[in-house]
Amino acid sequence: MDKALTVGRVAFRLNGAPVEAAPHPGERLSEVLRERLGQRDVKIGCNAGDCGACTVLVDGAPVCACLMAAPQAEGRSVETLGGLTSFDPVAQDLAARFEAHGAAQCGICTPGIMVSAVALLRDTPAPDEAQVRDALGGVLCRCTGYRKIIDAVMGTPALPAAGDGVGAAIARLDGHDKVTGREAFGDDVAPPGTLELRVVRSPYPHAAFRFGDLDAWAGATPGVEAVLTAADIPGENRFGVIPPFADQPAFAEEVARFRGEAVAAVVGTPEAMRAFRDEDFPVEWEERAPVMTPEAALAEGAPCLHAGRPGNEMCKGRVACGDADAALAGAEVVAEGSFTTGFVEHAYIEPEAGFAEMDGDKVVVHACTQAPVMDREALEILLGMGPERIRIVPTGVGGGFGSKLDISLQPYLALGAMKTGRPVRLCYTRIESMQSTTKRHPAEMRVRIGAGKDGRIQGFDFFGRFNTGAYASWGPTVANRVPVHASGPYRVTDYRAVSQAVHTHCPPSGAFRGFGVPQAAIAQEQLFDELAERLGMDALEFRILNALRDGEPTVCGQVFEQGVGITACFEALRAAWAEEREEAAAFNAAAGAMRRGVGVAAGWYGCGNTSLPNPSTIKAGIRADGTVVLHQGAMDIGQGANTVITQIFASAFGVPAGSVARIGADTDVTPDAGKTSASRQTFVSGNAARLAGEALRAEVLRRLNASPEARLEFAPGRVRAEGAELDLARLEPDTEGYVLRAEESYDPPTKPLDADGQGHPYAQFGYAAHVAVVEVDTELGRVHPLRFHAAHDVGRAINPLLIEGQVQGGIAQGLGMALMEEFIPGRTENLHDYLIPTIGDMPPVTTHIVEVPDAHGPYGAKGLGEHALIPTAPALLNAVAHATGVRIRRLPATPDVVRAAILEARR
Amino acid sequence: MRYLRPASCDEALGMLSAPDTRIVAGGTDVYPALRDRAPRFDMVDVTGIADLRKITQEDDWLRIGAAATWSELIRHPLPPAFDGLKAAAREVGSVQIQNAGTVAGNLCNASPAADGVPPLLTLDAEVEVAGPEGARRLPLGDFILGPRRTALAPGEMVTAVLVPEPPAGAVSAFAKLGSRTYLVISIAMVSVLATAAEGRIAEARVAVGACSPVAVRLSALEADLAGRPVADLNDLGLVTSAHLAPLSPLSDVRGSAAYRVDAVGTLVRRALLAALEGRNG
Ligand SMILES: Cc1cc2nc3c(=O)[nH]c(=O)nc-3n(C[C@H](O)[C@H](O)[C@H](O)COP(=O)(O)OP(=O)(O)OC[C@H]3O[C@@H](n4cnc5c(N)ncnc54)[C@H](O)[C@@H]3O)c2cc1C
Ligand code: FES
Ligand code: FES
């Protein structure tokens with residue numbers, strides 16, 4: 001055959017400049033752009049067309065670079081976000097609007113979103129919302145809930161910001177890199193040509209395995225530099241976020257306990273790893289019968305996953321007060337039901353990725369994470385090395401939502417670098433990310449709630465069984481949190497809530513925004529509606545009547561004398577609730593397949609660890625040249641910690657936030673600000689930042705002999721206040737170059753829980769309530785959310801713009817959980833079959849920011865991250881019931897489930 | 001493994017005579033099927049064949065070249081009989097997918113949920129095939145044999161999708177059901193093409209996808225609809241289980257078999273109402 005026809009080189013214009021590359025046969029344009037041409041602003045979220053993160057313009061038209069054979073670009077023009085924002089005024093304007101609206105949170109989807117939007121705006125400079133949706137329907141965003149993106153593309157005015165201190169709706173301080181494609185995520189930092197690693201995983205949920213001759217195989221396979229198995233782990237082959245439960249091996253030994261569990265890894269040249277296929281690896285599998293549900297795992301004779309946990313029960317949780325049974329027996333009405341939810345996948349658009357290298361005898365891991373210090377602690381055990389020999393340098397994080405709290409690829413990278421002595425790189429494929437990382441716990445809940453004639457809750461009995469998967473991960477946390485929260489933010493005097501976490505041969509269930517609380521709220525808030533209905537009460541007024549108030553004990557017997565904001569949230573929704581109910585009634589007055597419904601639900605969430613210490617430390621210093629530096633170790637995974645913590649510090653210190661230089665998390669240079677979870681960063685790290693700012697200020701004021709109210713003014717090498725001046729150059733810098741410094745810690749005050757769960761689990765709760773408006777297509781069972789009204793008590797809004805972003809993003813995830821998302825091991829392991837909301841699924845949200853200050857919060861602030869999605873699913877389900885009269889008790893409420901329920905009710 | 005980019009159909013056919021070759025057009029089915037692995041076959045890219053990219057009117061036939069994309073079809077001016085096909089095109093994945101994916105690729109991939117098949121069935125489309133033995137044409141219904149199976153013999157390729165002149169005054173519509181908006185594989189979809197006069201349906205063609213191994217026309221229903229008043233479309237019991245007998249849906253993660261059959265009745269009525277009255281019922 002004519003050789004000339006075989007494509008060897010490809011030449012095209014990249015962002016205006018001619019380029020050439022020599023791709024492998026079949027190499028995707030995305031790979032050529034990223035690895036051969038250094039264009040790492042093109043992101044890979046799925047490699048299959050499902051996420052759109054890789055969108056580039058080819059001759060002006062958006063396409064997925066991951067689906068395009070590189071030679072198809074021959075002679076054409078290819079544009080990427082980085083290029084567009086450097087030369088195209090349409091893109092530059094758009095970038096400014098994306099920043100002003102906070103339309104980029106983590107930023108991993110932003111290149112795909114913005115590039116698609118540029119194509120639209122070139123043709124249609126003033127698009128309407130429908131046009132924006134059509135243009136962006138092919139790009140998934142898991143953080144924002146799309147509303148800020150729509151606002152930015154349409155050019156609606158952004159929230160005004162006065163100043164940049166606490167309370168100002170400023171654009172995120174780290175936003176510019178995100179909207180220009182410069183932000184470096186886990187897979188963007190390794191130099192091209194770095195050795196690559198592939199993990200060999202179990203194809204079965206439960207199987208024994210035996211390796212063949214690994215050395216012989218490695219020796220005979222060109223380009224393979226090392227094979228790693230459990231035998232290569234110098235320390236203990238065990239990790240887990242909760243030390244007493246640590247049970248997960250980095251590489252399984254002899255038996256694999258879930259499909260996708262790692263058994264070995266191969267390190268080799270990029271060419272060798274390109275050609276590598278799992279089935280070439282010398283391992284023999286012996287499939288065993290798995291237990292995939294708690295029911296099967298608890299059955300007599302079921303295989304036991306972990307010695308020491310007989311019957312596959314991992315742990316239980318319990319909170320009880322008063323006498324639930326007696327109260328229920330005497331209740332006027334009792335509502336009860338069984339509720340089921342499935343696995344929910346985090347589906348951040350950035351799969352786990354990073355690289356590791358040796359620095360002398362220290363191993364340095366660059367990877368996306370929510371908890372750098374916990375990553376190091378896990379590696380200390382696995383590698384058998386002290387903290388001084390391990391350094392974690394987090395990259396940008398393209399979404400986390402809880403799953404990037406656990407280590408994933410860190411041990412493989414570290415072991416690979418240590419064994420080969422060379423840098424090693426790994427980016428999980430979408431499928432392995434979905435197979436092997438943690439999920440939201442599936443729940444089976446049986447709940448009975450009573451109420452008296454007066455409408456007050458009278459007796460509450462909750463039992464929840466959670467499928468915790470093959471390993472513990474955050475299962476114990478879920479088991480603890482659920483009984484504490486299952487009452488909802490209400491006054492419940494006679495209460496019993498028991499949770500049970502059960503092992504199965506499923507992927508480990510772990511942390512996912514809310515730690516089991518969203519599941520419990522689905523049961524409790526739906527039953528509250530039924531109680532209200534049976535009592536003939538308005539659903540919102542029923543909740544207000546029962547709302548927890550200052551000075552009343554929670555189900556844990558904890559009494560907050562201040563700061564209980566749930567009533568204020570409900571009251572903020574009263575007007576919208578009444579209007580929406582009226583409008584729905586008017587709409588439904590006409591017959592038709594479409595029925596409108598309006599539902600309300602609430603949630604609460606304790607910020608920080610449950611009755612356990614979780615301190616944060618923040619360090620700041622002033623350099624001789626007058627630069628104020630903040631070591632901001634609270635991982636920003638898109639939620640905005642870089643901005644909020646800086647705003648708090650700057651306000652406490654007394655300078656503009658924009659003038660503060662930031663150094664991010666890095667276990668060698670920045671103190672531990674704890675994990676980004678449990679809605680704790682604004683509260684806990686925020687307090688540490690406030691304390692550090694105050695301490696540094698006190699030190700400066702002392703040296704200037706100035707009053708506490710003094711205004712600080714920085715000039716090069718100097719700081720002035722009240723006419724006095726401090727010459728910073730005359731002070732002795734410390735080893736880090738700081739002439740003045742402060743380092744402060746904060747740990748929220750809590751008290752342990754007793755056997756009945758009585759105690760002080762959290763120093764503060766945050767509160768939320770949502771009203772959801774839906775239209776249900778009763779003939780097809782499809783639920784179309786039309787609007788949300790969301791009231792959130794955040795104590796004090798440090799940054800209202802970021803709050804709206806969190807609320808909208810949380811709602812989108814709650815909507816997905818309610819209506820479409822279910823991870824089924826072996827079946828929905830990609831973003832083609834596992835559906836998350838697109839821009840077309842997410843309706844407008846009106847956010848009501850409620851500020852009931854909290855005595856412990858910095859400037860009164862409370863946490864928010866997880867609260868945002870807790871009320872969403874039950875509010876939607878209550879709206880569906882209002883529209884159709886049917887109750888959905890098994891999630892997700894996909895069209896077939898809803899339609900079946902409607903038909904059943906008619907029978 | 002090689003990546004081959006022929007400039008003509010003859011060149012392409014020469015390449016396809018070698019073993020282990022696969023045609024690539026938009027790549028939107030080929031690449032996801034690789035599941036992150038490197039291909040172990042020669043890729044024959046037909047998008048460099050200029051003739052195949054065109055959409056043209058040839059005598060009474062619309063000729064959609066095998067490398068023409070969904071976006072190109074959407075932009076091509078066509079009469080209302082093609083509204084259903086265009087609506088389907090706009091629902092294929094996303095703009096990104098429509099800009100790369102081809103109509104022919106959709107047919108060759110032979111997915112039971114291929115959105116292009118029902119509208120093309122109602123248009124009585126034919127598939128033009130070139131091969132070592134020369135060219136042939138076959139009705140779309142004979143081209144797709146089963147999930148991922150077509151009538152293509154080794155070494156053959158599709159060169160065009162051909163659509164005959166639709167009935168005068170025909171209107172059409174497409175109704176897709178999925179669990180979300182955009183980027184969604186159909187749970188079920190229905191395409192209709194109809195003509196009406198004086199409030200009565202003259203001819204109705206109805207095709208259903210994702211409810212059988214290959215999308216099908218509902219001929220018994222079509223026969224029953226001919227001559228009925230358009231207003232009958234508001235009758236919820238219009239579509240009977242006998243009409244739906246050709247369907248044999250599966251239960252999967254997207255929906256149960258019973259649900260699919262139930263939904264099809266609604267989708268058929270709504271698609272016909274949309275086509276004939278410009279509204280959703
Ligand atoms: C994210 C995503 C969403 C999608 N959504 C939808 C959807 O909503 N509805 C839908 O129907 N499809 C959908 N698809 C599938 C796909 O986009 C369509 O089927 C598309 O039309 C395929 O065209 P292509 O040119 O990309 O085909 P390719 O991937 O290039 O080829 C597809 C198959 O056809 C063969 N082939 C291609 N051209 C020829 C030819 N001329 N002769 C012989 N064989 C040929 C190839 O060898 C291959 O087997 C989606 C795909 C993705 C990735
Ligand atoms: S990476 Fe290309 S679409 Fe997801
Ligand atoms: S900002 Fe869109 S995925 Fe994070």
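Remember, predicted model here, so these are calculated numbers, not experimental data. Just so it is clear: chains get the letters A, B, ... in the order the sequence lines come, proteins before strands, and each one is counted from 1.
No part of B:Ala257 comes within reach of chain A, as not one of its non-hydrogen atoms sits under 4.5 angstrom from that chain. Contacts between B:Tyr31 and chain A at a heavy-atom distance below 4.5 Å involve backbone atoms as well as side-chain atoms. Using a 4.5 Å cut-off between heavy atoms, A:Glu822 does not touch chain B at all. Only the side chain of B:Thr47 comes within contact range of chain A, with at least one heavy atom under 4.5 Å from a heavy atom of that chain. For B:Val30, no part sits under 4.5 Å from any heavy atom of chain A, backbone or side chain. With a threshold of 4.5 angstrom between heavy atoms, B:Asp262 approaches chain A through side-chain atoms but not through N, CA, C or O. For chain B, the nearby part of A:Arg827 is the side chain; its heavy atoms alone come within less than 4.5 Å.
Between A:Ser116 and B:Gln96 the shortest side-chain heavy-atom distance falls below 4.5 Å.
When the candidates B:Ala258, B:Ser256, B:Ser179, B:Gly26 are compared by the number of heavy-atom contacts under 4.5 Å with chain A, B:Ser179 comes out ahead. Considering only heavy-atom pairs separated by less than 4.5 Å from chain B, the leading option among A:Val897, A:Leu140, A:Thr55, A:Asp50 is A:Thr55. In terms of heavy-atom pairs under 4.5 Å with chain A, the best-connected choice from B:Ser94, B:Pro32, B:Gly27 is B:Pro32. Interface remark: of the candidates A:Leu136, A:Thr894, A:Ile431, A:Ile431 forms the most heavy-atom pairs closer than 4.5 Å to chain B. Comparing A:Asn830, A:Thr828, A:Thr429, A:Ile824 by how many heavy-atom pairs each has under 4.5 Å with chain B, the most go to A:Thr429. For chain B, the option among A:Ala900, A:Ala275, A:Gly137 with the highest count of heavy-atom pairs below 4.5 Å is A:Gly137. Of the listed residues (A:Leu903, A:Val139, A:Ile836, A:Ile839), the one with the most heavy-atom contacts under 4.5 Å to chain B is A:Ile836. The candidate from A:Arg277, A:Arg133, A:Gln72 with the greatest count of non-hydrogen atom pairs under 4.5 Å with chain B is A:Arg277. The most heavy-atom pairs under 4.5 Å with chain A, out of B:Asp45, B:Thr28, B:Leu34, come from B:Asp45.
A distance of 7.5 Å separates CZ of A:Arg782 from CG of B:Leu177, quoted to the nearest 0.5 Å. How far CG of A:Asp134 is from OH of B:Tyr182: 3.5 Å, rounded to the nearest 0.5 Å. Rounding to the nearest 0.5 Å places CG of A:Asp777 at 7.5 Å from OG1 of B:Thr266.
A salt bridge is absent between A:Asp896 and B:Arg260: the closest approach of a Lys/Arg side-chain nitrogen to an acidic carboxylate oxygen does not fall below 4.0 angstrom. B:Arg5 and A:Glu74 are not joined by a salt bridge, as no carboxylate oxygen comes within less than 4.0 angstrom of a charged side-chain nitrogen. A salt bridge links B:Arg37 with A:Glu279: the distance from a Lys NZ or Arg NE/NH1/NH2 to an Asp or Glu carboxylate oxygen falls below 4.0 Å.
Judged by distance alone, with hydrogens and angles left aside, the side-chain atoms of B:Tyr259 form a donor-acceptor pair with the main-chain N or O of A:Leu780 at under 3.5 Å. Put simply, the side chain of B:Arg180 never gets that close to the backbone of A:Leu835: no donor and acceptor are under 3.5 Å apart. In this structure a side-chain-to-backbone donor-acceptor pair under 3.5 Å is missing from A:Asn47 to B:Asp36.
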Going through the distances and angles, do A:Asp280 and B:Arg40 end up as a salt bridge (charged side-chain N to carboxylate O under 4.0 Å, His left out)?
CA-CA 14 Å; A:Asp280 304 337; B:Arg40 284 190 174 173; 3.5 Å; yes

Could you check B:Leu183 against A:Leu831 for side-chain contact (heavy atoms from CB on, under 4.5 Å), going step by step and ending with a plain yes or no?
CA-CA 10 Å; B:Leu183 286 174; A:Leu831 294 176; over 6 Å; no

As a quick check of understanding, evaluate side-chain contact (heavy atoms from CB on, under 4.5 Å) for A:His24 and B:Met1, giving each step before the final call.
CA-CA 9 Å; A:His24 293 288; B:Met1 287 156 294; over 6 Å; no

Stepwise side-chain contact (heavy atoms from CB on, under 4.5 Å) test for B:Arg254 and A:Asp833
CA-CA 8 Å; B:Arg254 291 188 252 275; A:Asp833 298 311; 3.2 Å; yes

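Near-neighbour residues of residues 83-92 of chain B relative to chain A, defined by a heavy atom under 4.5 Å from a heavy atom of that chain, are none.
Here the closest heavy-atom approach between residue B:Tyr3 and residue A:Pro25 is recorded as N-CB, 3.8 Å. Of all heavy-atom pairs between A:Gly49 and B:Ile97, the closest is O-CD1, 4.0 Å. The two atoms that bring B:Asn99 and A:Pro62 nearest to each other are ND2-O, 2.7 Å, heavy atoms only.
Other residues, nucleotides and ligands contribute at most 12 non-hydrogen atoms within 6.0 Å of the CZ atom of B:Arg22.
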